[in-house]
Amino acid sequence: MGVNLSDLTEPKSMEMEDLRGKKVAIDTYNIVYQFMSAIRQPDGYPLCDSKGRTTSHLTGLLHRTASLIEAGIEPVFVFDGKPHPLKQATLDGRKERREKAEQEWKDAVERGDMKTAHTKAQQTSRMTDEVKESAKELIRYMGLPIVDAPSDGEQEAAYICRRNDVWATASQDFDSLLFGTPVLLRNLTMTGRRKIPGKDIYREIKTEVIDSEEFLRNLGISREQLVDMCILMGTDFNTGIKGIGPKKALKLVRDNGDLESVLRKIGEDIPDYQEIRGIFLDYEGSDDYSVEHGPLDRQAVVDMLTSYDFSADRVNSALDRIESARKEEERKRKQKALDAWF
DNA sequence: CGCAGCAA
DNA sequence: TTGCTGCGT
C-alpha cells in the first residue's frame, strides 16, 4: 500500500511514444498484485490450471510485457527481498485484512451474491512463493532482466534509477519518491481503460509521470522533509499520528523545518523515527544486477505456459508481438546508426 | 488486466 | 475506427 501522496501531486499525463527506448524499473510486487486481484472469474476465483495453480499473474505478465515491448519500453523487473523488521506490523495488518475478506468472500458465494464475492475475493490476493517463482521463471524465459532487491523492491528500483541504469520507476505506490527515484511512472498500462472500483463504468486512464525534482519544488520542501512528512502521516514502517494527513503534515513540516521540531511543537512522539528516515534516505543498494535483456526463449515460454494449460496459439501470438517489436527496434537502431554515419 | 471478436 | 462484452485458466 505505502504512503498516499495523490492529493499533493499534479501528475502530467504522457504519451506512450515519449517512453520509446527507455528502460523502466517495474515494481514487480505491485503489478503482480494488480494482476492477481483483477484477473478473476465472476465468482472471484482466480484463473487456475488443472493442477490448481494460479495463473492470473502469468496471463497478466505475458500480455503486459508484450505491450511494453511493443511500445519500445525496456522493462526491468525488480523483486522484493526480505522485508525490514519495522514493516512487520504492516504485513500483519495486510494478513488480517486478507483473512477477513476471505470469510466475507465465502459468505457471499454461499448466498449467491457474486458481485460482493468478486470484490471480496480481490482483497484476498497474496504473493505466495509459488507466484513469485513462476513469475520469475516466465520473465527469465522472455529474456528480460530481473533485479533481486535485498529488501524493498521500490527501494532498490529507486536506487538503480538514481544510478541512471533505468530512466524511471513504475509503481502505483508513491514510496519510490521517498526512496529517491528521480522519475515515477503511474498507470503504466497501454490500454487506457480501467474500471472504476465498485461501479460498472470505465474511464480513460493515462500514464502519469512525476518528476521528483519538480514535485519537491512545487511543494517547496526537500526530500528529507518529504520523508519527515510521510513519517508523520504513517508509512509501511510506522503508524503515524492520528488526524495528520498530507495537508497537515506538509504545513507542519514547512512551518517547523523538520520532524524533531514538529514533534516538539505538537507534543507527540514517534518511536524509531530516525531508523525509518534511514530506510528511506541512507540506502546503499545492491550493485549486483544487470538491466540488459537477452534473447527470448520462445520454446521455454511455450512449454512453461502450456504446462499451465495456456493455449499455445495465444502464447505464440503474444510472443509474436514481442519478436516483431524487437525486430522493428533493431531495424530502427541500424537505420539510426547508418544515418549517423552519413 | 487485456485480448479477441463482433457491432455500430 | 471505436466501443462493448466475454473470456482467459
- Nearest whole angstrom, please: distance from the P of C:dT9 to the CG of A:L58. 11 Å
- Query: A:Q122 has an atom CD; how far is it from atom P of B:dC1, in whole Å?
  - Reply: 9 Å
- Note on the structure: Of the candidates B:dC3, C:dG8, C:dT9, the side chain of A:Y308 sits closest to C:dT9
- Taking the side chain of A:C48 as its heavy atoms from C-beta onward, which of C:dT9, B:dC1, B:dG2 lies nearest to it? C:dT9
- Query: Looking for any heavy atom pair under 4.0 Å, which part of the strands does A:S67 touch: base, sugar-phosphate only, or nothing?
  - Reply: sugar-phosphate
- State whether the side chain of A:T169 and the backbone N or O of A:S176 hold a donor-acceptor pair below 3.5 Å, judged by distance alone. no
- Item | Length of the CG-P vector between A:N316 and B:dA4, whole Å | 12 Å
- Query: Taking atom P of C:dT9 as reference, at what distance in whole Å does atom CG of A:L138 sit?
  - Reply: 13 Å
- Would you mind classifying the nucleic acid contact of A:S317 as base, sugar-phosphate or nothing, using non-hydrogen atoms under 4.0 angstrom? sugar-phosphate
- Using a strict 4.0 Å threshold on nitrogen-to-oxygen distance, state whether A:R20 and A:E329 make a salt bridge. yes
- Query: Is the closest side-chain donor-acceptor distance between A:S6 and A:N4 under 3.5 Å?
  - Reply: yes
- Would you mind classifying the nucleic acid contact of A:T54 as base, sugar-phosphate or nothing, using non-hydrogen atoms under 4.0 angstrom? nothing
- Task: Verify the contact: side-chain N or O of A:R321 to OP1 or OP2 of B:dC3, cut-off strictly under 4.0 Å; return yes or no.
- Result: yes
- Separation of A:D228 CG from A:S222 OG (nearest 0.5 Å): 8.0 Å
- NE2 of A:H118 versus P of C:dG8: gap in Å, rounded? 15 Å
- Item | Euclidean distance, atom CZ of residue A:F35 to atom C1' of B:dC3 [Å, nearest integer] | 13 Å
- Message: Whole angstroms only, please: what is the NE2-P distance between A:H63 and B:dG2?
- Response: 10 Å
- Message: From CE of A:M36 over to C1' of B:dG2, roughly how many Å is that when rounded to an integer?
- Response: 17 Å
- Using a heavy-atom cut-off of under 4.0 Å over every strand shown, decide if A:R53 touches base, sugar-phosphate, or nothing. nothing
- Message: Let's go through A:E102 and A:R98 carefully: what are the C-alpha distance in whole Å and the side-chain angles of both, what is the deciding distance for salt bridge (Lys or Arg N to Asp or Glu O under 4.0 Å) to 0.1 Å, and is it a yes or a no?
- Response: CA-CA 6 Å; A:E102 190 101 28; A:R98 269 202 314 271; over 6 Å; no
